[in-house]
Amino acid sequence: PISISCRLLRQELPTASASGNRLDTAPKVNLIAKDGTCIEVPRPVIEKSVLCKTMTEDTEEDGAACPLPMVEADVLRKVVEWLRHHYDQQPLEIEKPLKGRFEDLVSPFDRDFVALETEELFNLILAANYMDIRELLELACAKVASTIKGKTPEQVREMFNIVNDWTPETEQAQMERNPWCTKQD
């Protein structure tokens with residue numbers, strides 16, 4: 001087992017599930033954020049994270065450490081909130097490509113969960129990708145996709161503060177090679 005000192009132990013987060021009593025008695029895992037913040041989470045809650053599950057599967061020890069040096073503490077708290085909510089209920093499958101409104105394709109909890117500022121949403125995507133939480137990654141990416149759906153390249157650049165470093169000729173060539181980029185739904 002990995003031994004890491006945590007600055008903040010046993011940070012409690014509300015239990016969103018009706019089966020919270022089972023979680024209270026389950027062995028705990030200490031998720032350790034980039035800044036050393038330690039969030040104690042019941043082991044069953046982290047099962048959706050392939051990274052955390054793999055890092056802690058060799059020990060049944062209560063309080064096993066799972067260092068996450070690429071995840072900021074505030075983002076980790078958000079991830080744990082989602083994991084707790086979905087620990088005993090599978091999130092809705094999100095169709096790909098997105099058809100219809102994002103709000104109609106996900107649960108109210110998930111819709112509200114990803115109603116974030118752009119930077120927070122991208123940090124959530126990075127954390128879900130790093131922690132290998134497929135359903136959360138798909139949810140956050142679907143939110144981004146729904147945000148840019150039907151927008152022109154100029155509108156997308158403005159939304160995400162992307163500098164256009166292409167010449168008009170290069171941009172025109174790309175549009176001709178990828179006509180789907182300008183197709184409006």
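Scanning both residues, Val114 and Ala140, for their nearest heavy atoms gives CG1-CA, 4.3 Å. The two residues Leu31 and Val80 have their closest heavy-atom pair at CD1-CG2, 3.7 Å. Smallest separation of non-hydrogen atoms from Thr56 and Ala65: CG2-O, 4.2 Å.
In this structure Arg111 satisfies the salt bridge (charged side-chain N to carboxylate O under 4.0 Å, His left out) test with no other residue, sequence neighbours excluded. Checked against side chain to side chain donor-acceptor pair (under 3.5 Å), Lys78 has no partners two or more places apart in sequence or in another chain. Scanning for side chain to side chain contact (heavy atoms under 4.5 Å, CB included) contacts around Ile148 gives Val156, Met159, Phe160, with sequence neighbours left out.
No side-chain heavy atom of Glu120 sits under 4.5 Å from any side-chain heavy atom of Asn123. Side-chain contact between Tyr87 and Pro42: absent, with no pair of heavy atoms (C-beta onward) separated by less than 4.5 Å. Side-chain contact between Arg84 and Glu81 is absent, with no heavy-atom pair separated by less than 4.5 Å. Residues Lys143 and Glu138 are not in side-chain contact: their nearest non-hydrogen atoms beyond the backbone lie 4.5 Å or more apart.
A salt bridge is defined here as a Lys NZ or Arg NE, NH1 or NH2 lying under 4.0 Å from an Asp or Glu carboxylate O, and Glu171 with Arg157 meets this definition. Ion pairing of Lys53 with Glu47 is present here, as a side-chain N (NZ or NE/NH1/NH2) and a carboxylate O approach within less than 4.0 Å. Look at Arg101 and Asp104 and you find a salt bridge, because one of the NZ, NE, NH1 or NH2 atoms lies within 4.0 Å of a carboxylate O, short of that distance.
In this structure a side-chain-to-backbone donor-acceptor pair under 3.5 Å is missing from Lys99 to Pro97. Although no hydrogens or angles enter the test, the distance criterion places a donor-acceptor pair under 3.5 Å between the side chain of Ser49 and the main chain of Met131.
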- Message: With side-chain hydrogen bond (donor to acceptor under 3.5 Å, both in side chains) as the criterion, how do Asp110 and His86 come out once you've worked through the C-alpha distance, each side chain's angles and the decisive distance to 0.1 Å?
- Response: CA-CA 10 Å; Asp110 284 342; His86 286 292; 2.8 Å; yes

